[in-house]
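Convention: sequence-line order gives letters A, B, ...; per-chain numbering from 1.
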Number of protein chains: 2
Amino acid sequence: MTKRTAYDEKLERILRVAADIFARKGYHQASIRDIARATEVSLSGLYYYFDSKEELLFLIQDHAFGTLLRRLDRVLAREEDPRRRLHLLIENHLRFFIGNMAEMKVLSHEADSLSGEFRRIVDTKKRRLTLAARSILEELNPDPAVDLRTATFALFGMMNWIYNWYREDRDMPPEELAEHMTQLFLGGFLQEGNLDNVPSGDPSAEGDTRIWSSGPG
Amino acid sequence: MTKRTAYDEKLERILRVAADIFARKGYHQASIRDIARATEVSLSGLYYYFDSKEELLFLIQDHAFGTLLRRLDRVLAREEDPRRRLHLLIENHLRFFIGNMAEMKVLSHEADSLSGEFRRIVDTKKRRLTLAARSILEELNPDPAVDLRTATFALFGMMNWIYNWYREDRDMPPEELAEHMTQLFLGGFLQEGNLDNVPSGDPSAEGDTRIWSSGPG
DNA sequence: GATAGCTTGCATCGAACGTTCGAACTCCCT
DNA sequence: AGGGAGTTCGAACGTTCGATGCAAGCTATC
């Protein structure tokens, strides 16, 4: 059924190039003229493939999120152990993120730039992803003192923030990064087994030694 | 020295209102006319307080970051224990973040909107904050297998992401959130003492499913 | 009541923006 | 060879933007 027409291919090319530009300059900064120049399609010619700049943004986001979710479903389908499921979710997320930095930056950064029906559709997909993560965390039977909402968003924060710092030529590949983050999230930063409560301030503290003093008094 | 003139107060009010607008509409979306309307200062009147829209954005970011760093210095000065220092950093960060959501959203979201000298100055402050966190993590003597760069940015991701989900009326106050995140980061999601490595796949498992395919080759 | 700092309204500039429209081109089916 | 649908284009529209200039008025301090 889904025949691969020339139309489809050109549209996908436009989406890819536009995502790059949106990622680099920001959605509102980037002009349709920029995209026309980069795609080598005329200004008016672009409007044959979408009705408005906002729809173009929507198509990028929806396509990216759809792919991410589809892969997640596929990957999670054949694993039951909660820890491994968490690891798979993180790996899937990071792999796709790093492999499609532009799209994912647009997704993270321009969430508010959509409105109306466009916004609703993307938000629904986002919610599905959040719930998937949350339900895995539930399966893990965490310390009941842990707030699940906080933990879920902490996890996504950890993962999604990478577009602010990750460099392919400098940082480890996604699979390795996924291991690190899984380990970290499941309690891996300090190796020591005993984790008594994080200390609250001790009133009998020492003098006024400023250990880390870098800045203005 | 620093006398509190009417000029200063009005400027700060402008910065505050402008931050609100930038946070809500985005920097490029918001017009100087929007800010004139909201501050009830005339269009030309605004330009008495800054020379360009970009400088206005810079003033907001620099002021917010400056305050954050100043408070951090003060708070860390009287604590030596690395765990408590980490807790203080997180608490300071979240408290300021949540108390100044608009400014911090602008800071996180419009980092790329500055250029030249403005950009340089803000980047320097950002770097100082990153290094402060990193050096505390070093003091903690973590599992040497942990990559410090990754861990540092994971921590900031966890914290900075909150502007995407935190609601004052729904979520816990910053102090409590700081405890949760400190606990989480130091290894608190699962309570169990023994954290053997995150499971690598058990070869005796089901069929040919690749359970945990990590790492290149 | 003069002086300096601050503020206003209004008019205007050039540049850039998203979008539209009718004409033209290309390709395939007959 | 011809026709029609699908695709592409150049040119232009109307609007908004950041920024500036200017004459006038306000207000507080000496």
Side-chain angles (χ1 to χ4, degrees), chain A residues 2-61 106 110 112-119, chain B residues 2-61 106 110 112-119:
Chain A
T2 40
K3 198 166 48 171
R4 189 91 184 151
T5 67
Y7 176 94
D8 292 321
E9 292 193 5
K10 184 162 180 181
L11 174 57
E12 289 206 11
R13 205 187 97 241
I14 291 175
L15 293 187
R16 216 173 46 243
V17 174
D20 264 345
I21 296 184
F22 285 163
R24 225 172 39 249
K25 309 187 62 166
Y27 169 68
H28 290 103
Q29 281 279 82
S31 70
I32 302 283
R33 285 165 178 83
D34 289 333
I35 293 160
R37 205 173 306 123
T39 54
E40 294 185 293
V41 176
S42 74
L43 185 57
S44 39
L46 286 175
Y47 278 88
Y48 184 72
Y49 290 87
F50 47 82
D51 290 335
S52 67
K53 191 188 180 188
E54 191 179 1
E55 184 183 1
L56 170 59
L57 177 61
F58 165 74
L59 290 175
I60 293 171
Q61 297 200 3
V106 171
E110 309 287 357
D112 295 339
S113 301
L114 291 180
S115 64
E117 187 70 357
F118 291 149
R119 174 70 168 274
Chain B
T2 42
K3 197 164 53 170
R4 190 86 184 156
T5 67
Y7 176 93
D8 292 320
E9 291 191 5
K10 184 162 180 181
L11 174 57
E12 288 205 13
R13 204 189 96 240
I14 292 176
L15 293 187
R16 215 173 47 244
V17 174
D20 265 346
I21 296 183
F22 285 163
R24 226 174 35 251
K25 310 185 61 167
Y27 169 69
H28 291 102
Q29 283 278 82
S31 69
I32 300 284
R33 286 166 177 86
D34 289 333
I35 292 160
R37 204 174 307 121
T39 53
E40 294 186 293
V41 176
S42 73
L43 184 58
S44 36
L46 285 175
Y47 278 90
Y48 184 73
Y49 289 88
F50 48 81
D51 290 337
S52 69
K53 191 187 180 189
E54 191 179 2
E55 185 183 3
L56 170 60
L57 176 62
F58 165 74
L59 289 175
I60 293 171
Q61 296 200 3
V106 171
E110 308 288 356
D112 295 340
S113 301
L114 291 180
S115 65
E117 188 69 358
F118 291 148
R119 174 71 169 274

A.B. asks: Quick test of your reading of the model: are A:D112 and B:K25 salt-bridged, counting only N-O distances below 4.0 Å?
C.D. replies: no
A.B. asks: What residues from residues 43-55 of chain A pass a heavy-atom cutoff of under 4.0 Å to DNA chain C?
C.D. replies: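 Output list: A:L43, A:S44, A:Y47, A:S52, A:K53.
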A.B. asks: How many Å lie between CD on B:Q29 and P on C:dC17, as a whole number?
C.D. replies: 14 Å
A.B. asks: Side chains of B:S115 and B:E54: is there a donor and an acceptor less than 3.5 Å apart?
C.D. replies: yes
A.B. asks: Within this structure, what is the NZ-to-C1' distance between B:K25 and D:dT16, rounded to whole angstrom?
C.D. replies: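 From B:K25 NZ to D:dT16 C1': 12 Å.
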A.B. asks: Mind listing the residues from residues 30-40 of chain A sitting with a heavy atom below 4.0 Å of DNA chain C? Number order is fine.
C.D. replies: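 Contacting residues: A:A30, A:S31, A:I32, A:R33.
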A.B. asks: Looking at A:Y49 versus A:Y7, is the centre-to-centre ring distance below 6.0 Å?
C.D. replies: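 Here the rings of A:Y7 and A:Y49 have centres that are less than 6.0 Å from each other.
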A.B. asks: Are any of B:K10's side-chain N or O atoms less than 4.0 Å away from OP1 or OP2 of C:dC6?
C.D. replies: no
A.B. asks: Could you tell me the separation between the OH atom of B:Y7 and the C1' atom of D:dA28, rounded to a whole number of Å?
C.D. replies: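 These atoms are roughly 18 Å apart.
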A.B. asks: Do any N or O atoms from the side chain of A:E110 and from the backbone of A:H28 form a donor-acceptor pair under 3.5 angstrom?
C.D. replies: no
A.B. asks: Could you give the distance from OG1 (B:T39) to CG (B:L46), rounded to the nearest 0.5 Å?
C.D. replies: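 Output value for this atom pair is 4.5 Å.
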A.B. asks: Could you check how far CG of B:D8 sits from P of C:dG5, rounded to whole Å?
C.D. replies: 16 Å
A.B. asks: Rounded to whole angstrom units, what separation is found between the OH atom of B:Y27 and the P atom of D:dC17?
C.D. replies: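 After rounding, the gap between these two atoms is 14 Å.
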A.B. asks: Are A:E12 and A:E9 packed together at the side-chain level, in the sense that at least one heavy-atom pair is separated by less than 4.5 angstrom?
C.D. replies: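 Not in contact.
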A.B. asks: Compare all side-chain heavy atoms of B:Y47 with those of B:L56 and state whether any distance is below 4.5 angstrom.
C.D. replies: no
A.B. asks: Would you mind reading off the distance between A:E9 atom CD and D:dT7 atom P, rounded to a whole angstrom?
C.D. replies: 13 Å
